[in-house]
Amino acid sequence: MKIFDTHAHYDDEAFDKDRDELLCSLADHGIDCVVNVGASIQSTKNTLELIRQYPFVYGAAGVHPNETGELNDTLIDWLKHVAREDRIVAIGEIGLDYHWDEPEPKVQKYWFARQLALASEVKLPVIIHSRDAAKDTLDIMKAEHAGELGGVIHCFSYGKEMAREYLQMGFYLGIGGVVTFGNAKKLKEVVEYAPLEKLVLETDCPYLSPEPNRGKRNSSVNLPYVAEKIAQIKNIPADEVIRVTSRNARKLYRFQ
Ligand code: NI
């Protein structure tokens with residue numbers, strides 16, 4: 001069974017020098033599927049180019065909370081149009097990020113709700129980015145009936161209590177390089193607690209490279225380190241982690 005990277009940013013300039021070479025080598029490293037995630041209007045455009053070029057790359061269309069200052073009604077209409085393209089499998093990444101409170105929370109909340117409504121209209125699951133904003137994120141998701149959309153809480157960073165809330169809504173939890181960090185006690189507890197059937201692997205590359213490559217540019221090639229750590233925590237074989245999370249990812253993004 002091959003590895004599915006549910007969250008990557010291969011359009012990032014960190015890959016400008018060797019993007020094609022790297023993407024073409026992924027199959028040799030046991031990676032058979034990647035979802036490239038939009039974080040702004042420009043990166044959603046870049047994502048469209050990547051999915052046209054590489055048959056194993058799928059896309060998500062959306063604007064990251066810290067970039068929502070650029071949004072307006074016309075751009076929401078454009079996103080809706082993009083969302084109906086072949087091989088766009090989700091709306092994201094969308095959510096709230098109060099770590100960087102730019103733009104102000106009121107603005108982030110407004111466009112988060114608008115993008116959830118958009119996902120509902122085009123009937124796609126959502127990729128949620130939530131940082132230092134647990135309660136507001138959950139409140140808006142409940143108000144917008146996000147449980148009916150389904151999706152993933154990407155780079156899950158909260159504790160077991162929050163994990164339970166999202167699992168009850170039917171969401172998957174995205175687990176990446178952070179789980180390998182020595183100080184990630186809370187996340188390790190979440191991984192131990194959550195059923196393997198609700199976890200998916202992600203890189204968020206070029207960011208959050210796992211140990212032993214922490215601090216270097218990340219790519220899907222590093223995902224075996226993440227699978228290995230989850231296997232250790234759950235006391236099961238790494239093969240099983242790869243097989244089940246890959247199947248979960250296909251369910252999450254509704255592959256046939
Ligand atoms: Ni991301």
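Worth saying up front: this structure is predicted, and the values here are computed from it rather than measured. Start at 1 and go down the list; that is how both ligands and their atoms are numbered.
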Would you find more than 12 non-hydrogen atoms of other residues, nucleotides or ligands less than 6.0 Å from E85 atom CD? yes
The reported gap from CG in N36 to OG in S43 (rounded to nearest 0.5 angstrom) is 8.0 Å
Q. What class does the angle between the rings of Y54 and F56 fall in, given that below 30° is parallel, 30 to 60° is tilted and above 60° is perpendicular?
A. tilted
| message | So that I can check it, does any N, O or S atom in C155 come closer than 2.8 Å to the Ni ion (ligand 1)? | response | no
The atom name of the N, O or S atom in D204 nearest to the Ni ion (ligand 1) is OD1
Counting backbone and side-chain atoms alike, is an N, O or S atom of H9 positioned under 2.8 Å from the Ni ion (ligand 1)?
yes
Among the N/O/S atoms of E93, the Ni ion (ligand 1) lies closest to OE2
When you look at D32 and R250, which way does the salt bridge (charged side-chain N to carboxylate O under 4.0 Å, His left out) test go after all the steps?
CA-CA 12 Å; D32 74 341; R250 287 178 155 75; 3.4 Å; yes
